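Comments concern the structure below.
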Amino acid sequence: MPQIVWRKAQTGRVISGAKMKIVSLNIGMPREVEWHGQIVTTGIYKDPIVGRVVLRKLNLDGDRQADLTVHGGEFKAVYCYPVEHYEYWRKELHGRELPYGMFGENFTTEGILESDAHLGDRFSVGTAEVAVTQPRLPCYKLGVKFGADDMVKKFLASGRSGFYLAVTREGKVGVGDEIKVISRDAGKVPVTEITRLYIARRYGAKDLGVLKRIMEIESVPEDWKAYFGKRIGG
């Protein structure tokens, strides 16, 4: 893995108690695009929609992923990206126009950052219920979307990963729906920690304690647990 310098996200900090909600609901079907002279099939192109949509165990109605070996599935049913990060990226990308859904997210959210969302936290949204599972690790298709190969490295280094949700109860969701806390996971491991530990070249005693808590969180996928178990020799 190339060395990546971690920059903890500071902009757009959410004040405790602020209302959490969906500000844009975005869906899209896989499409073929040309990239570096080759045809690539990707589901990263999402467009905002109006009205209410059924959120099912694997995705929203009208939304699909292309490569199911790394995208989609029970632990990646919904991708959330905080609207608070958009201003950072407009500056970083020199004023580029960034419509909602630009990062491939299903929910453009307000009031909850990666540092606020803990792995295993459960929320209600609309008539559905969801649980936080993991951060996003971008693949090259983010570069395809932005037309820039270095976008993947920039995205990971920024600390602004967004996060995935599993669906624990199917229901309907729409723009403006409040994201309400059902329960907070006892481990209290924010999404930012799993990203930081993924990038870290070595672990200290405090890191090992965090990893132990991650291993005990039910909603964290087994592939993450296996990855960290291998790194610590467990």
Side-chain angles (χ1 to χ4, degrees), residues 8-28 43-63 65 72 74-91 97-136 155 158-185 188-195 219:
K8 186 175 181 181
Q10 296 289 345
T11 59
R13 180 157 183 79
V14 171
I15 299 173
S16 178
K19 184 178 180 180
M20 302 181 293
K21 64 181 181 180
I22 298 174
V23 297
S24 183
L25 183 64
N26 317 297
I27 62 174
I44 199 171
Y45 290 86
K46 311 291 184 187
D47 296 310
I49 60 168
V50 296
R52 304 191 67 73
V53 177
V54 177
L55 175 57
R56 304 190 188 277
K57 282 288 185 180
L58 297 181
N59 44 43
L60 290 153
D61 278 359
D63 186 71
Q65 297 78 34
E74 180 182 355
F75 293 99
K76 294 181 178 179
V78 179
Y79 176 47
C80 300
Y81 202 70
V83 69
E84 290 85 356
H85 295 337
Y86 269 74
E87 184 59 30
Y88 167 85
W89 286 113
R90 289 188 185 99
K91 293 177 180 176
E97 184 179 353
L98 299 174
Y100 292 151
M102 186 67 185
F103 295 89
E105 76 270 20
N106 301 114
F107 293 173
T108 310
T109 61
E110 181 178 80
I112 180 168
L113 301 182
E114 298 87 342
S115 55
D116 306 310
H118 296 165
L119 302 169
D121 283 355
R122 296 184 61 216
F123 300 98
S124 66
V125 54
T127 60
E129 294 182 3
V130 296
V132 179
T133 60
Q134 59 190 308
R136 177 199 193 167
F155 185 86
S158 75
R160 296 163 171 83
S161 67
F163 52 92
Y164 285 105
L165 303 173
V167 178
T168 57
R169 187 179 76 181
E170 295 183 348
K172 290 186 176 181
V173 297
V175 173
D177 282 353
E178 187 173 357
I179 301 170
K180 301 177 181 178
V181 176
I182 297 174
S183 63
R184 293 287 194 181
D185 189 84
K188 296 182 179 179
V189 179
V191 171
T192 48
E193 277 293 87
I194 202 168
T195 310
S219 71

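Side chains are part of it too, since the values below use all heavy atoms of this structure and drop only hydrogens, waters and symmetry mates. On a predicted model such as this, the values are computed, not experimentally measured, just so you know.
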Query raised in the report: Picking from Arg56, Lys46, Lys76, what satisfies salt bridge (Lys or Arg N to Asp or Glu O under 4.0 Å) with Asp63?
Result: Lys46

**Report entry** Heavy-atom closest contact (Pro190 atom, Ser115 atom, distance)
**Finding:** CB-O, 3.7 Å

Requested in this report: For Val173 and Ala128, work out which heavy atoms get closest and say how close.
Outcome: CG1-CB, 4.3 Å

Query raised in the report: With distance as the sole test, does Glu84 use its side chain to make a donor-acceptor pair with the main-chain N or O of Gly111 at under 3.5 Å?
Result: yes

**Report entry** Nearest atoms (heavy-atom pairs only) where Ser161 meets Pro135
**Finding:** OG-CB, 3.6 Å

Query - Result of checking Asn26, Leu55, Val175 against Phe107 for side chain to side chain contact (heavy atoms under 4.5 Å, CB included) - result: Leu55

Query raised in the report: Taking atom CE of Met102 and atom OH of Tyr45, what is their separation to the nearest 0.5 Å?
Result: 7.5 Å

Query raised in the report: Is a side-chain donor or acceptor of Thr108 paired with a backbone partner of Val83 at a separation under 3.5 angstrom?
Result: no

Report summary line: SG (Cys80) and CG (Leu113) are apart, to the nearest 0.5 Å, by 12.0 Å

Query raised in the report: Shortest non-hydrogen contact from Phe155 to Tyr79?
Result: CZ-OH, 3.5 Å

Query - Between CD on residue Glu193 and NZ on residue Lys188, distance to nearest 0.5 Å - result: 14.5 Å

Query - Inter-residue atom distance Leu25.CG - Glu105.CD, 0.5 Å rounding - result: 10.5 Å

Report task. With sequence neighbours excluded, give me every side chain to side chain donor-acceptor pair (under 3.5 Å) pair touching residues 171-181. Result -> Arg52-Asp177

Report task. Can you label the angle between the Tyr81 ring and the His85 ring as parallel, tilted or perpendicular, going by 30° and 60°? Result -> perpendicular

Report task. Determine, stepwise, if the pair Tyr164 / Val78 fulfils side-chain contact (heavy atoms from CB on, under 4.5 Å). Result -> CA-CA 6 Å; Tyr164 285 105; Val78 179; over 6 Å; no

Query raised in the report: Taking the side chain from Asp185 and the backbone from Asp121, do they hold a donor-acceptor pair closer than 3.5 Å?
Result: no

**Report entry** Heavy-atom side-chain proximity of Val125 to Met20 below 4.5 angstrom
**Finding:** no

Query raised in the report: Is there a donor-acceptor contact under 3.5 Å from the side chain of Lys57 to the main chain of Glu74?
Result: no

Requested in this report: Look only at the side chain of Glu129 and the backbone of Ser124, and say whether a donor-acceptor pair between them is shorter than 3.5 Å.
Outcome: no

Query raised in the report: Is there a donor-acceptor pair under 3.5 Å between the side chain of Asn59 and the backbone N or O of Ala77?
Result: no

Query raised in the report: Any sub-3.5 Å donor-acceptor pair from Arg160's side-chain atoms to Pro82's backbone N or O?
Result: no

Report task. Check whether any side-chain N or O of Thr133 sits under 3.5 Å from a backbone N or O of Phe75 as a donor-acceptor pair, and report yes or no. Result -> yes

Report summary line: Tightest non-hydrogen contact, residues Asp61 and Val53, listed as O-CG1, 3.4 Å

Query raised in the report: Roughly how far, to the nearest 0.5 Å, is OG1 of Thr109 from CG of Asp116?
Result: 9.5 Å

Requested in this report: Nearest 0.5 Å please: distance from the CD atom of Glu170 over to the OG1 atom of Thr127.
Outcome: 10.0 Å

**Report entry** Among Ile194, Val191, Thr192, the one residue meeting side chain to side chain contact (heavy atoms under 4.5 Å, CB included) with Phe163
**Finding:** Val191

**Report entry** Near-ring test Tyr100/Tyr86, centroid separation under 6.0 angstrom
**Finding:** yes

Report task. Might you point out which heavy atoms bring Val130 and Thr168 nearest each other, and give the distance in Å? Result -> N-OG1, 3.6 Å

